[in-house]
Colleague: 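One structure, as C-alpha cells, below. Some questions next.
These numbers come from the heavy atoms of this one structure, side chains and all, not from hydrogens, waters or symmetry mates. In what follows, chains are A, B, ... by sequence order, proteins preceding strands, each numbered from 1.
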Amino acid sequence: MIVGRDRLSGPSLEVAPLLLGAVLVSTVDGAEVAVRLTEVEAYNGLDDPASHAYRGETPRTAVMFGPAGYLYCYFTYGMHWCANVVCEADGTASAVLLRAGEVVRGVDAAMARRPAARMPRDLARGPARLASCLALDRAANGLDLCDPASPVRLESLGSSPADLVRTGPRVGITVATERPWRFWLDGEATVSAFRVGRRNRVAT
DNA sequence: AGGACGATTAACT
DNA sequence: GTTAATCGTCCTC
C-alpha cells in the first residue's frame, strides 16, 4: 500500500510521529532497499530558525515550498546527503527529516553502499547513512513518494503505538534547540545518538 | 568575488 | 572526547 498525499499534508509536527514505523522503499540503481523509520525530526518554514526554508524560498528549498509527499534531499558538510518528506499544503514550507531506520529489505545492497557499517543496525542509523543506503542524492530530490511508479516510495504509513513515541530536542542544530521536535520509537537499536550542534568552528 | 558554515560521519587519541 | 574531510549555499561586501 502506498501512502496517500492527503495523509502527509498536515503540519510537520503532526506528520512526524505518523512517519515512525512507516517503510520507505528505494529501487534507485536497480537494487531494492527498504527502511522502517525509527527516528525523524520536524522542520517548519518561516517560523523555524533551524529550517532551511527559514529565509524564504531558494532554488535549494523549492521542493519544501511545494505540495506534500515529495522528497527533499540536500547536500551538507561537503560530502553527505540527507532526505526529508515534504508536508503541508503547496506554498507552505514544512518537512520531516528522516534521521534513522531499520533496513527491512535489501540488507545486502545496503551493506554494499555502506562499507563502513560493521553491523546491520548501523546501516541507516543517522540521516546521511539512511540516505546513503537508499542511494538518495541530488537525483532523488523532488521525487514523488506517493506515486507507485516512483523509484522511491512511502509504504504503510506508521501505525506505531503512541506510547512508544518519544520526543526531544533536534540533533546538530545551533538555533531553536529548545523545541522538542525530534521523534523516535522507544527501545529501537537504530535510533541515532543525540549530539549538540557545533559552533565556533573557526575559533582558536 | 570572498568567506563562513552546515539538519554529518568515520577515524583517530 | 576530538577532529579532518569537503563543497554547495547564502550572506556580505
Side-chain angles (χ1 to χ4, degrees), chain A residues 8 11-13 15-17 19-20 24 35 37-65 70-88 92-103 110-142 145 166-184 189-204:
Chain A
L8 302 171
S12 59
L13 279 171
V15 174
L19 286 171
L20 293 176
L24 189 68
V35 166
L37 301 173
T38 57
E39 180 190 0
V40 299
E41 281 175 357
Y43 285 86
N44 276 347
L46 303 177
D47 63 337
D48 181 6
S51 171
H52 291 161
Y54 182 57
R55 291 176 176 80
E57 185 174 341
T58 66
R60 179 173 71 148
T61 60
V63 177
M64 268 186 86
F65 284 81
Y70 289 82
L71 200 60
Y72 165 50
C73 297
Y74 68 90
F75 183 66
T76 191
Y77 291 103
M79 64 198 92
H80 299 303
W81 289 90
C82 297
N84 297 246
V85 173
V86 172
C87 34
E88 282 276 12
T92 301
S94 190
V96 177
L97 171 68
L98 308 179
R99 281 203 60 89
E102 172 196 3
V103 177
M111 290 286 283
R113 290 170 180 157
R114 299 248 319 106
R118 300 197 182 183
M119 35 203 338
R121 81 162 217 174
D122 290 330
L123 285 172
R125 186 172 185 247
R129 292 166 164 185
L130 183 150
S132 180
C133 75
L134 293 173
L136 305 180
D137 58 16
R138 177 181 297 284
N141 188 46
L145 298 170
R166 298 286 177 276
T167 66
R170 293 176 290 185
V171 177
I173 57 173
T174 56
V175 293
T177 53
E178 76 290 351
R179 304 185 188 189
W181 289 1
R182 179 188 187 213
F183 299 77
W184 68 93
T190 51
V191 174
S192 69
F194 181 79
R195 176 179 32 75
V196 296
R198 302 191 66 176
R199 274 186 178 282
N200 302 327
R201 291 161 39 102
V202 186
T204 55

Colleague: State whether A/Arg129 places a side-chain N or O below 4.0 Å from either non-bridging phosphate oxygen (OP1 or OP2) of B/dA10.
Modeller: yes

Colleague: Do A/Ser12 and A/Asn44 have side-chain N/O donor and acceptor atoms under 3.5 Å apart?
Modeller: yes

Colleague: Grab the CH2-P distance between A/Trp81 and C/dC7 for me, whole Å please.
Modeller: 12 Å

Colleague: Would you say A/Thr58 places a side-chain N or O within less than 4.0 Å of OP1 or OP2 belonging to C/dC10?
Modeller: yes

Colleague: Please determine, for C/dA5, whether a Watson-Crick or G-U wobble partner exists with both distances under 3.5 Å, and give it or none.
Modeller: B/dT8

Colleague: Toward the 5' end of DNA chain C, which comes first, A/Gly78 or A/Gly56, by nearest nucleotide?
Modeller: A/Gly78

Colleague: Between A/Arg114 and A/Asp122 (side chain of the first, backbone of the second, donor and acceptor by atom type, cut-off under 3.5 Å), is there such a pair?
Modeller: yes

Colleague: Starting from C1' on C/dA4, measure out to NE2 on A/His80 and report it in whole angstrom.
Modeller: 11 Å

Colleague: Remember a base hit wins even if backbone is also touched, and classify A/Arg170 as base, sugar-phosphate or nothing at under 4.0 Å, heavy atoms.
Modeller: nothing

Colleague: Indicate whether OP1 or OP2 belonging to B/dT8 is found under 4.0 Å from a side-chain N or O atom of A/Arg99.
Modeller: yes

Colleague: Measure from the side chain of A/Ala128, starting at C-beta and using heavy atoms only, and say which of B/dT8, B/dA7, C/dC11 lies closest.
Modeller: B/dT8

Colleague: To the nearest Å, give me how far apart CD (A/Glu57) and P (C/dC10) are.
Modeller: 11 Å

Colleague: What's A/Arg114 touching, base or sugar-phosphate or nothing? Going by heavy atoms closer than 4.0 Å.
Modeller: sugar-phosphate

Colleague: Students often mix this up, so state it plainly: with edges at 30° and 60°, are the rings of A/Trp81 and A/Phe75 parallel, tilted or perpendicular?
Modeller: tilted

Colleague: Would you say that more than 12 heavy atoms from the other residues, nucleotides or ligands in this model lie under 6.0 Å from the OH of A/Tyr54, or not?
Modeller: no

Colleague: Below the 4.0 Å mark, does C/dG8 have OP1 or OP2 next to a side-chain nitrogen or oxygen of A/Arg60?
Modeller: no

Colleague: Mark this stacking check for A/Tyr77 against C/dA5 as yes or no, applying ring centres under 5.5 Å and ring planes under 30°.
Modeller: no

Colleague: Taking only the side-chain heavy atoms of A/Met79 (C-beta and beyond), determine which of C/dG8, B/dA7, C/dA5 contains the nearest atom.
Modeller: C/dA5

Colleague: Closest to the A/Thr174 side chain: B/dG6, B/dA7, B/dT8?
Modeller: B/dG6

Colleague: Send over the distance from A/Leu130 CG to B/dT9 C1', rounded to a whole Å.
Modeller: 14 Å

Colleague: Checking the side chain of A/Thr61 only, and the main-chain atoms of A/Thr58 only, is there a donor and an acceptor separated by less than 3.5 Å?
Modeller: yes

Colleague: Which nucleotide in the set C/dG8, B/dT9, C/dT6 lies at the smallest distance from any side-chain heavy atom of A/Phe75?
Modeller: C/dG8

Colleague: May I have the distance from A/Arg195 (atom CZ) to B/dA10 (atom P), rounded to whole angstrom?
Modeller: 12 Å

Colleague: OP1 or OP2 of B/dA7 less than 4.0 angstrom from a side-chain nitrogen or oxygen of A/His52, does that happen here?
Modeller: yes

Colleague: Touch check for A/Leu97, heavy atoms < 4.0 angstrom, all strands: base, sugar-phosphate only, or nothing?
Modeller: base

Colleague: So what does A/Ala116 touch, heavy atoms closer than 4.0 Å: a base, only the sugar-phosphate, or nothing?
Modeller: sugar-phosphate

